[in-house]
Amino acid sequence: MYNTLTKRKEPFRTVAPNQVGIYLCGPTVYDKAHIGHMVGPVIFDCVKRYLVYCGYKVTWVVNITDVDDKLIAKANERGISMLEVAEENIADYNDNLAALGVDQIDHFPRATECMNEIIGIIESLIEQGYAYESEGDVYFDVGKDSDYGKLSNRTLEAMQGEGGGTAARKRGLADFALWKVAKAGEPSWESPWGQGRPGWHIECSAMSKKLLGETFDIHGGGLDLVFPHHENEIAQSECCHGKPMVTYWAHNGLLRASSAAGKVGGRGEREAADEGGKMSRSKGAGGLADLIGRQGGERIRFFLLRTHYRSTVLFNEPAIEEAGTGLDTFYRFFKRYERVTGQNVYDLEVPKTRAAGEIVAGPSELLAEVAELRNKYLKAMDDDFNTGGAIGELFELVRKLNKYCDDHELESPNKQSAKAEPFIRGTTTLRELASILGIFSKPAAAARGADDQLLGQIMQLVLDLRTEARANKNFATADAIRDGIGPLGITLEDRAGGTEWSGGGDSTLDGIMQLLIELRQTARANKDFATSDTIRDRLAELGVTLEDRPGGTEWSQG
RNA sequence: GGCGCCGUAGCCAAGUGGCUAAGGCAUCGGAUUGCAAAUCCGACAUCCCCGGUUCGAAUCCGGGCGGCGCCUCCA
């Protein structure tokens with residue numbers, strides 16, 4: 001595992017045997033989440049899944065910073081309380097996490113719920129001489145901490161410090177606030193230094209201590225948090241406790257909008273927005289819920305995991321769509337699995353641990369190959385959670401399974417059922433490995449609202465076919481269409497200006513598709529390829545593909 | 001200015017001293033198909049440039065060039 005503190009990869013060792021504590025810096029909830037906020041949660045969700053899979057007992061904490069200058073400003077601006085601002089954005093954050101399949105978090109502490117712990121640490125720091133009170137503020141005395149700067153590799157001289165209005169109250173320019181005196185009208189808490197509220201960094205020292213102890217295993221966050229946030233956390237916690245705070249500091253790379261400099265949601269983007277919003281917010285910051293609606297959570301998760309977590313990721317929507325094209329290979333395979341076995345791939349019983357998933361290859365050539373790919377996959381994950389490399393093995397695995405299916409004609413009705421056994425075992429391994437990444441555990445949610453739009457377009461196609469049939473005096477076909485869609489809850493009315501339709505419900509789309517497929521089969525049986533190809537081509541224009549198989553035709557949305 | 005990261009095929013991306021440089025997307029052949037789609041098989045990179053270390057470097061070192069981050073709120 002790579003450690004920002006030592007700047008190299010190190011063997012993984014835990015503080016307590018077989019137990020791992022992970023703390024990830026979550027959001028300051030002054031505004032809606034953007035996709036950049038999801039990188040850390042997604043990767044650490046996989047880290048936890050993998051460690052659990054490897055036999056560790058893992059506790060994962062993601063904090064919520066719900067008291068801060070920007071929250072206060074936002075509350076004043078909107079005329080509501082800071083708590084209301086926080087609640088609203090926490091709900092948004094949780095929705096986004098759920099959509100991306102992040103469900104491994106054990107504790108979600110909030111800064112405002114840990115005031116006693118926060119004040120306790122500050123008191124201890126003052127007692128030990130690492131902090132001082134100044135006009136109701138309390139500052140950490142950076143000059144007293146000989147280790148200061150070890151994480152971000154900075155010297156005190158290089159530090160510019162906060163400056164500004166509070167500079168006069170500080171002994172050293174680089175000193176940072178542990179506690180801030182309350183201004184009129186601000187939310188505040190009682191403390192030994194009067195009414196006030198915590199500074200930015202102290203809440204993480206308090207919450208991690210409360211839930212994971214004074215020394216824990218992994219502390220994560222975005223690369224942009226290394227300085228000052230994590231540097232200051234180390235300073236506070238280690239001066240207070242006199243021992244190391246964290247064994248491994250793990251920082252994920254930042255997302256960058258590819259067509260413009262700067263990270264997503266970063267300064268460049270904000271300035272561009274200030275200058276008249278030339279740069280679209282949809283490039284990344286904001287609109288995460290919309291993006292999830294358009295693309296679906298699994299695509300976004302897969303997109304994020306394709307790249308190693310420490311790399312910068314160039315973010316844009318076509319890139320997510322490309323990742324989705326790759327995912328479709330797996331979804332198609334899952335349908336194929338169902339055709340072969342009659343079982344839903346999501347119902348497979350999947351091994352939960354590394355030991356349980358071990359393959360006893362036996363005489364099967366397929367399983368020997370699956371076992372090798374599994375080893376390569378696990379080797380990649382063992383190397384600093386290399387999800388990008390691991391995903392490559394997943395693609396190899398699905399190809400092997402498809403090939404086996406081809407070679408042994410598993411879709412043929414008179415297949416030898418014994419041949420399906422290694423296929424099922426191999427698919428089980430695919431699901432096992434995917435579950436480490438948190439994908440393919442359940443059917444991917446369809447894009448919101450896409451069905452309604454598609455139904456309208458497909459109805460237009462149906463009506464065109466019927467109109468053409470009527471023009472050709474082919475009333476058998478025309479009536480077959482009307483009789484076929486009636487039971488689906490759709491009514492047709494032929495008027496002078498054309499045919500109007502109305503009605504339809506949730507399952508209508510699939511029914512219409514079945515009707516179209518039947519019409520096409522009839523045309524093909526009659527060697528009327530012009531009609532059958534028209535149906536397929538028109539559907540293709542709408543993003544619907546038809547696949548002819550021995551057992552019938554299947555449709556899917558691309 | 002200080003601290004740091006990155007530059008592998010048209011695009012995305014693994015690999016960080018030694019088997020034929022993973023994988024995905026796109027493209028082009030072939031098998032299959034009434035034609036397609038899907039699937040399978042195959043094609044597609046001397047790893048930014050220059051020098052050095054080494055029996056051997058995409059991988060280590062030095063120097064360029066180019067891109068990016070942090071140093072102020074940030075995931």
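To find a chain, count down the sequence lines: A is the first, B the second, and so on, and within it residues start at 1.
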Mapping A/G389 and A/D548 onto RNA chain B by nearest heavy atom, which one lands closer to the 5' end? A/G389
For A/V39 and for A/R524, locate the closest nucleotide of RNA chain B by heavy-atom distance; then report the residue assigned to the nucleotide nearer the 5' terminus. A/R524
Mind checking who [N] pairs with, Watson-Crick or G-U wobble, both distances under 3.5 Å?
N     : result
B/G42 : B/C28
B/G1  : B/C71
B/U59 : none
B/U16 : none
B/U33 : none
B/A21 : none

Rounding to a whole Å, what distance do you find between A/E393:CD and B/G15:P? 11 Å
To the nearest Å, how far apart are A/D224 CG and B/C68 P? 17 Å
Is the phosphate of [N], meaning OP1 or OP2, less than 4.0 Å from a side-chain N or O of [X]?
X      : N     : result
A/N153 : B/G4  : yes
A/R306 : B/A14 : no
A/T329 : B/G24 : no

Which part of the nucleic acid, if any, lies within contact of [X], taking any heavy atom under 4.0 Å across all strands shown: a base, the sugar-phosphate backbone alone, or nothing?
X      : answer
A/E396 : sugar-phosphate
A/L225 : sugar-phosphate
A/G40  : nothing
A/N402 : sugar-phosphate
A/H229 : nothing
A/G220 : nothing
A/R8   : nothing

For A/F529 and B/G34, are the ring centres under 5.5 Å apart with planes inclined under 30°? yes
Donor/acceptor link under 3.5 angstrom from [X] side chain onto base of [N]:
X      : N     : answer
A/D533 : B/G34 : yes
A/R536 : B/A36 : yes
A/E322 : B/G24 : yes

Taking only the side-chain heavy atoms of A/N252 (C-beta and beyond), determine which of B/C40, B/A75, B/A14 contains the nearest atom. B/A75
Hey, what's the ring geometry for A/H251 with A/H230, parallel, tilted or perpendicular (30° and 60° as the breaks)? tilted
If the plane angle is over 60° it's perpendicular, under 30° parallel, otherwise tilted; pick one for A/Y23 and A/H219. tilted
Check whether the ring centres of A/Y248 and A/F12 lie less than 6.0 Å apart, and answer yes or no. yes
Ring centroids only, cut at 6.0 angstrom: are A/F423 and A/Y337 within range, meaning strictly under it? yes
If we count only N and O atoms by modelled type, under 3.5 Å, do the side chains of A/D68 and A/T28 hold a donor and an acceptor together? no
Residue pair A/D528 / A/T531, side-chain donor-acceptor N/O under 3.5 Å: yes
Using atom [atom1] of each nucleotide, how far apart are [N] and [M] to the nearest Å?
N     : M     : atom1 : result
B/U39 : B/U33 : C1'   : 12 Å
B/G51 : B/G69 : C1'   : 29 Å
B/C55 : B/C60 : C1'   : 16 Å

Taking 4.0 angstrom as the limit, do A/E432 and A/R374 come out as a salt bridge? yes
